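Please read these numbers as outputs of a predicted model, since none were measured by experiment. Within every chain, numbering begins at 1; the chains are lettered A, B, ... in the order of the sequence lines, protein sequences first and strands thereafter.
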Protein chains: 2
Amino acid sequence: MSGNGHKLLTAEREQRIMQLLHDSDVVTVSAISEALGMSEATVRRDLQAMHERGLLERVHGGAAIKQESSPEPLFSDKEEQFSAEKQRIAAAALSLIHDHDTIFLDGGSTVLMLARMLDSLKALTIVTNSLMAAAQLMESPHRLILTGGEFRAISRTLVGPLSSPILKNIVVDKAFMGTMGFTISDGMSTTDANEAYTKTRVMERARQVILLADRSKLGCSSFVTCGPDWHLDVLVTDAIDIKMRQELEERDIRVIVAGKNATAKATAGTARANQ
Amino acid sequence: MSGNGHKLLTAEREQRIMQLLHDSDVVTVSAISEALGMSEATVRRDLQAMHERGLLERVHGGAAIKQESSPEPLFSDKEEQFSAEKQRIAAAALSLIHDHDTIFLDGGSTVLMLARMLDSLKALTIVTNSLMAAAQLMESPHRLILTGGEFRAISRTLVGPLSSPILKNIVVDKAFMGTMGFTISDGMSTTDANEAYTKTRVMERARQVILLADRSKLGCSSFVTCGPDWHLDVLVTDAIDIKMRQELEERDIRVIVAGKNATAKATAGTARANQ
DNA sequence: CTATATTCAATCAAATTCAATCATCTCCAC
DNA sequence: GTGGAGATGATTGAATTTGATTGAATATAG
């Protein structure tokens, strides 16, 4: 047994302190001092040493166990408004992905929601320029590749000419894009020229371009467009004007409407426009 | 040639000591001395010999079993590991940066600590491959650029050949590097080949290479080295062997030791600057 | 908000532990 | 027997740790 003499080694004391912390999540300095038969000065020194090694959290009067609930706040999504429509759109888009696919994830809250659902798939290679998506996928088993580029704070994405060289070296099966606005004449549009530039580069390197846009984006243009010769293969939305849908399908753009009744089996339920 | 007598052989003593260590994770020198019936001087000699062979961990007053878990945390966010030494090293490195500089920040907890201090400077252009540093600098007013590349979960950095094209397009004034080990013969070394590759590319594109490494890194090599023709301009550390220092200075590598005496000035200065 | 009571961090003296040194002992070869 | 190599135990000055003290910082009560 470990019932050594009266002397306690530093390592041994730390073990006992951790034991006390494990028993009750917080302990006072005086309690530790009494339990281990050490002066409070020594206890404080030990606590500080252990705190500096990340073993516990120091609080006034004692110590508390370190909560492991922190992997999230790296890129905290504070303004993330959960939306049922975006959730349905993301779920519909998810069914387009297969195991072993190589996909690109753009910025935007809808695409981010899709990123959260990727645990159900296996062995993906995920390329993204969104730090929010990257933070979400950090612990996932998938292969994760980030494009470089200049950090744009508002969208938390990496954009601009510096993202170009790395995009030239890769080809993705499917690119899932977000946007600020979408019109048939101008395609996707956004508020930042660098962001538009990067979107264009991504679409050039994708075998299939899939746009995730809720109904509020359709028909409006933002500041910068991605150029006149835009390219799109699939549009996933929650509701769409019948006329716009026809125009898109004339251009061989498949339209998937993730309506209220069709959440899981979105691909099958596209025949019904849910306005 | 080895007369097996009634006295305890060295090998036999070591076995007994390991047995004691196995029973309770820590034992005092006096306890071993009493248990094996020999002087404390001999016990200390044995413990040192065993420590040098990596069989146990030496602590003041005795010995502890060697824990395999400590050297590299797998997934936990141990970057919160505050260390006074690393803090001092980062503070010393901070004084090398000037307003309007273009700097590169590598991965590693010491460099991350430096990233936290950059608020006191103005109009920096910061290039980094560390997601932790990026998260830290997200809200800063500086221009922030991320290299792309494959995401390495353990270090939370972007590494590998895909980071190469973007690094070819930029030149930084100062590159602040972290490392797992550093020797004069091999330079920096790390545990991952892709990470070593990216480090090498970065150092090629930096006018000045500055290594931040606490004393535990000096003199040891990790798995992969950055190549024989390594290049370094400044080493910032908390303590260094006098012989190694001379060898470095013969190679025109400046050595900055952020010792305890420099703490008061350095931290006081930065604390005030941060306010 | 002020006043009181804890708690903290820095400092210093005392105790403990360490590492280096030296004298002694054992074993073995010559 | 003599001498050398290696190991052991004691000694000593240095380094580390510990506990008490003190003024500052923080929390609590009124």
Side-chain angles (χ1 to χ4, degrees), chain A residues 4-17 20-21 24 26-53 55-64, chain B residues 1-17 20-21 26-53 55-64 82-85 87-88 215-216 238-242 259-268 270-272 274-275:
Chain A
N4 272 341
H6 323 51
K7 299 257 177 183
L8 284 182
L9 254 36
T10 306
E12 202 167 347
R13 291 200 313 260
E14 290 189 354
Q15 280 182 12
R16 294 227 202 157
I17 291 176
L20 290 174
L21 261 181
S24 69
V26 288
V27 280
T28 65
V29 172
S30 60
I32 299 173
S33 164
E34 192 174 347
L36 303 198
M38 298 280 155
S39 74
E40 296 194 349
T42 303
V43 172
R44 290 200 181 91
R45 273 187 286 250
D46 283 350
L47 290 183
Q48 169 158 5
M50 295 169 78
H51 169 64
E52 287 176 2
R53 287 198 283 147
L55 272 64
L56 49 79
E57 213 54 59
R58 192 76 166 81
V59 296
H60 197 88
Chain B
M1 292 302 186
S2 57
N4 244 343
H6 31 288
K7 299 201 66 165
L8 286 181
L9 253 36
T10 305
E12 201 170 344
R13 289 200 315 257
E14 290 189 353
Q15 207 172 334
R16 303 264 301 262
I17 292 176
L20 290 175
L21 261 182
V26 286
V27 281
T28 65
V29 171
S30 60
I32 299 174
S33 164
E34 193 174 346
L36 303 197
M38 46 191 210
S39 74
E40 297 192 348
T42 304
V43 172
R44 292 199 182 92
R45 272 187 284 253
D46 283 350
L47 289 183
Q48 170 155 9
M50 296 168 78
H51 169 64
E52 284 170 1
R53 285 193 283 149
L55 271 64
L56 47 78
E57 212 56 57
R58 192 76 166 81
V59 297
H60 197 91
F82 172 88
S83 153
E85 285 78 21
Q87 177 95 0
R88 283 200 296 270
R215 79 189 104 180
S216 71
D238 59 330
I240 186 172
D241 181 65
I242 184 68
K260 280 185 183 173
N261 299 341
T263 316
K265 294 178 233 166
T267 51
T270 53
R272 232 166 259 130
N274 280 344
Q275 290 279 353

Mind listing the side-chain donor-acceptor pairs of residues 31-40 of chain B below 3.5 Å, one per line with the distance, residues two or more places apart or on another chain?
| residue | atom | partner | partner atom | Å |
| --- | --- | --- | --- | --- |
| Ser33(B) | OG | Met38(B) | O | 2.5 |
| Ser39(B) | OG | Thr42(B) | N | 3.4 |
| Ser39(B) | OG | Thr42(B) | OG1 | 3.2 |
| Glu40(B) | OE1 | Arg44(B) | NH2 | 3.3 |

Problem set entry | Shortest side-chain distance from Arg58(B), nucleotide among dG19(D), dT26(D), dC18(C) | dC18(C)
For this session: Could you pull out the closest heavy-atom pair between His51(A) and Arg58(A), with the gap in Å?
Result: ND1-N, 4.0 Å
Exercise. How long is the line joining CZ of Arg44(B) and P of dC18(C), in whole Å?
Worked result: 4 Å
Exercise. With respect to the side chain of Ser39(B), which nucleotide from dG19(D), dT18(D), dA10(D) is positioned closest?
Worked result: dA10(D)
For this session: Would you kindly give the NE2-to-P distance between His51(A) and dA9(C), to the nearest whole Å?
Result: 10 Å
Exercise. Once you round it to whole Å, what is the distance between P of dG9(D) and CG of Asp46(B)?
Worked result: 10 Å
Seminar exercise, completed: Whole-Å distance, Leu8(A) CG to dT17(D) C1', equals 13 Å
Problem set entry | Atom-pair distance (NE2 on His60(B); C1' on dT16(D)), nearest Å | 4 Å
Seminar exercise, completed: Between CZ of Arg13(B) and C1' of dA7(D) the distance, given in whole Å, is 8 Å
For this session: For Val59(A), answer base if it contacts any base atom (sugar-phosphate contacts may also be present), sugar-phosphate if it contacts only those atoms, and nothing otherwise; contact means non-hydrogen atoms under 4.0 Å.
Result: sugar-phosphate
Exercise. About how many Å separate CE of Met50(A) and CZ of Arg53(A), when rounded to the nearest 0.5 Å?
Worked result: 7.0 Å
For this session: Starting at atom CG of Leu47(A), determine the distance to atom P of dT17(D), rounded to an integer number of angstrom.
Result: 16 Å
Problem set entry | Angle of first-five versus last-five pair axes in the helix from dC1(C)-dG30(D) to dC30(C)-dG1(D), to 10 degrees | 30°
Problem set entry | Nearest listed nucleotide, side chain of Thr42(A), among dT7(C), dG9(D), dG19(D) | dG19(D)
Exercise. Among Val26(A), Leu20(A), Val27(A), which residue meets the side chain to side chain contact (heavy atoms under 4.5 Å, CB included) test with Ser24(A)?
Worked result: Val27(A)
Exercise. How far apart are the closest heavy atoms of Arg215(B) and Asp238(B), and which atoms are they?
Worked result: N-OD1, 2.8 Å
Seminar exercise, completed: Between Leu9(A) and Ala63(B), the two heavy atoms sitting closest are CD2-N, 4.2 Å
Exercise. Starting at the 5' end of DNA chain C, which residue's closest nucleotide do you reach first, Ser30(B) or Arg45(B)?
Worked result: Ser30(B)
Problem set entry | Nucleotide dA5(C), atom C1' - distance to CD of Glu40(A) in whole Å | 14 Å
Exercise. For the residue pair Leu56(A) and Ala64(A), what are the closest heavy atoms and their distance?
Worked result: CB-O, 3.6 Å
